[in-house]
Number of protein chains: 2
Amino acid sequence: MERGDVVPLLGEVFREHGFEGASLAAITARTGLGKGSLYHFFPGGKEEMAAAVLAEIDGWFEAQVFAPLREGADAPSAIRDMLAKVDAYFRSGRRVCLVGVFALGEVRDRFSDQVEGYFAAWRDALAGALRRAGRSEADAAEQAEEAVLAIQGALTLARALRDPEVFTRTLERLGRRLLA
Amino acid sequence: MERGDVVPLLGEVFREHGFEGASLAAITARTGLGKGSLYHFFPGGKEEMAAAVLAEIDGWFEAQVFAPLREGADAPSAIRDMLAKVDAYFRSGRRVCLVGVFALGEVRDRFSDQVEGYFAAWRDALAGALRRAGRSEADAAEQAEEAVLAIQGALTLARALRDPEVFTRTLERLGRRLLA
DNA sequence: TTTGTTACGTACCAATCAGTACAATTATGG
DNA sequence: CCATAATTGTACTGATTGGTACGTAACAAA
């Protein structure tokens, strides 16, 4: 088992338990790794583990979502791709957003840059694509903010109501609105 | 100090730390009460404290928001009032939604009824008001779901970006859209 | 003033927490 | 094969966890 293999597992633990709730016991259970290995890969303990997870998430979204949004020649289809990737990533509403979970807790302050950077990058990349798709500056900014926030809200509501359809419906509505 | 005075303070602790993160130490610090008093008021421990907080929140929203939405003679002004109350309650985006925080964690399952009930009541009350304001059944349901989810998402994004304006803007947009 | 109840602080409990130390194992490369 | 380094399990640490026990205040009604 390598460090790179552990990070996604850590992600699941933090996603489900939050930072404080993710006990070393839960982490060893999920990863199958003892403390020895864990502290060998992450000498900084939980803090370093969480940072690694955030970095991996950021890297994934950067490569799969933000960059295509920024650089895609065809803006509308880049937006369509974003929605598809987001649907897959969040398992159609059955999975929660780790960065969102962190944002709500007081851990937020410990990972300020990463939390802020993730959402800002998303919003700005989407606004850029909307701009290139012909929207005004103001309209693009408003629609982008609204879309990012709707995705977060839909994940929360879907989990609260145990109804993943809330998320699916939201993505569809977003598709209609952003590509109109 | 009475039990009723303690509940709002408990609410703040759970809001800021989440359920797992709200240690008895943090609770005694915030309330100024020793364990003796705490367990005198809440023999069931943290679980009972959290339940009391959720009940209080639900009671507040029921009286201040849901009931007016359901029974208000003038539906549009009931909706306007809802937005004003929500803005005040969440301190214009500087305060986070405890029920939303619970919904994202695994505590969700322990307080299933209360979490689910809160959001379902809100959505349904709003949908009813929209219906009375002249919308079709389908349109009312969609707009209500979208509004509730946007409020949650806006709280998350506002906190993530440290920008309460996100929340304020969202409420304004909601006002325009719901009252159009 | 006496009596009974409600409120509260403190000392304690076993369990668990994050983290450390270190020996044993497993790969790896020469 | 051998040596060196990268992994991993286990036993431990002191601190903190939620919760209990119990003694003591404050209070009311009589």
Side-chain angles (χ1 to χ4, degrees), chain A residues 1-56 98 101-102 104-112 114-115, chain B residues 1-56 98 101-102 104-112 114-115:
Chain A
M1 179 95 67
E2 294 176 21
R3 198 189 127 117
D5 305 324
V6 188
V7 178
L9 297 171
L10 291 175
E12 293 303 316
V13 181
F14 283 121
R15 213 187 299 279
E16 289 166 21
H17 298 82
F19 183 77
E20 342 257 359
S23 68
L24 267 289
I27 294 173
T28 59
R30 185 62 152 264
T31 59
L33 256 41
K35 294 190 184 186
S37 318
L38 252 11
Y39 276 84
H40 172 68
F41 290 132
F42 309 95
K46 276 176 70 175
E47 184 109 10
E48 189 173 341
M49 297 181 206
V53 170
L54 286 172
E56 207 220 24
L98 172 77
V101 172
F102 273 31
L104 290 181
E106 13 90 66
V107 249
R108 199 229 94 113
D109 300 325
R110 286 213 249 174
F111 301 100
S112 225
Q114 321 214 43
V115 169
Chain B
M1 179 98 65
E2 293 176 21
R3 196 188 128 116
D5 305 324
V6 187
V7 178
L9 297 172
L10 292 175
E12 294 303 316
V13 182
F14 283 120
R15 213 187 298 278
E16 290 166 20
H17 298 81
F19 182 77
E20 342 256 0
S23 68
L24 267 289
I27 293 173
T28 59
R30 185 62 153 261
T31 60
L33 256 41
K35 294 191 185 185
S37 317
L38 250 14
Y39 276 83
H40 172 68
F41 291 132
F42 309 95
K46 276 176 72 176
E47 184 110 9
E48 190 174 339
M49 298 180 206
V53 170
L54 285 172
E56 207 219 25
L98 173 76
V101 172
F102 273 32
L104 290 181
E106 12 90 71
V107 250
R108 199 230 95 110
D109 300 325
R110 287 213 248 173
F111 301 99
S112 226
Q114 320 215 43
V115 169

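Quick note on labels: first sequence line is chain A, next is B, and so on, each numbered from 1. In what follows, every heavy atom counts, from backbone to side chain, and hydrogens, waters and symmetry copies are set aside.
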Is it the case that D:dG18 (base atoms only) and B:Lys46 (side chain only) share a donor and an acceptor within less than 3.5 Å, ignoring hydrogens and angles?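 Answer no: no donor N or O sits under 3.5 Å from an acceptor.
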
Upstream residue (5' side of DNA chain C) when B:Lys35 and B:Glu2 are each assigned their closest nucleotide: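 Going by which nucleotide is closer to the 5' end, it is B:Glu2.
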
For B:Thr28 and B:Lys35 the tightest heavy-atom approach is CG2-N, 4.3 Å

Decide, yes or no, whether a salt bridge links B:Glu56 with B:Arg3 under the criterion of side-chain N to carboxylate O below 4.0 Å. no

side-chain contact (heavy atoms from CB on, under 4.5 Å) assessment of B:Arg110 paired with B:Phe19: CA-CA 11 Å; B:Arg110 287 213 248 173; B:Phe19 182 77; 3.2 Å; yes

To the nearest Å, how far apart are [X] [atom1] and [N] [atom2]?
X: B:Leu10; N: D:dG18; atom1: CG; atom2: P; result: 13 Å
X: A:Arg3; N: D:dT8; atom1: CZ; atom2: P; result: 14 Å
X: A:Glu20; N: D:dT17; atom1: CD; atom2: P; result: 11 Å
X: A:Leu33; N: D:dT10; atom1: CG; atom2: P; result: 13 Å
X: B:Leu24; N: C:dG9; atom1: CG; atom2: P; result: 14 Å
X: B:Phe41; N: C:dT5; atom1: CZ; atom2: C1'; result: 13 Å
X: A:Glu47; N: C:dG19; atom1: CD; atom2: C1'; result: 14 Å
X: B:Glu48; N: D:dG19; atom1: CD; atom2: P; result: 11 Å

Spatial distance of atom CG (A:Leu98) from atom CG (B:Leu104) [nearest 0.5 Å]: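 Those atoms lie 10.5 Å apart.
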
For A:Ala26, which contact category applies under a 4.0 Å heavy-atom criterion: base, sugar-phosphate, or nothing? nothing

Which part of the nucleic acid does B:Ser37 contact within heavy-atom distance under 4.0 Å: base, sugar-phosphate only, or nothing? base

A:Tyr39 has a side chain; which of D:dG9, C:dC8, C:dT20 sits nearest to it?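 Selected nucleotide (nearest to the side chain): C:dT20.
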
Looking at D:dT8, I'd like to know if its phosphate oxygens (OP1 or OP2) sit under 4.0 Å from a side-chain N or O belonging to A:His40.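 It does not, given that no N or O in the side chain of A:His40 lies less than 4.0 Å from OP1 or OP2 of D:dT8.
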
Take A:Val101 and A:Arg15 through the side-chain contact (heavy atoms from CB on, under 4.5 Å) test and state the conclusion after the steps. CA-CA 7 Å; A:Val101 172; A:Arg15 213 187 299 279; 5.6 Å; no

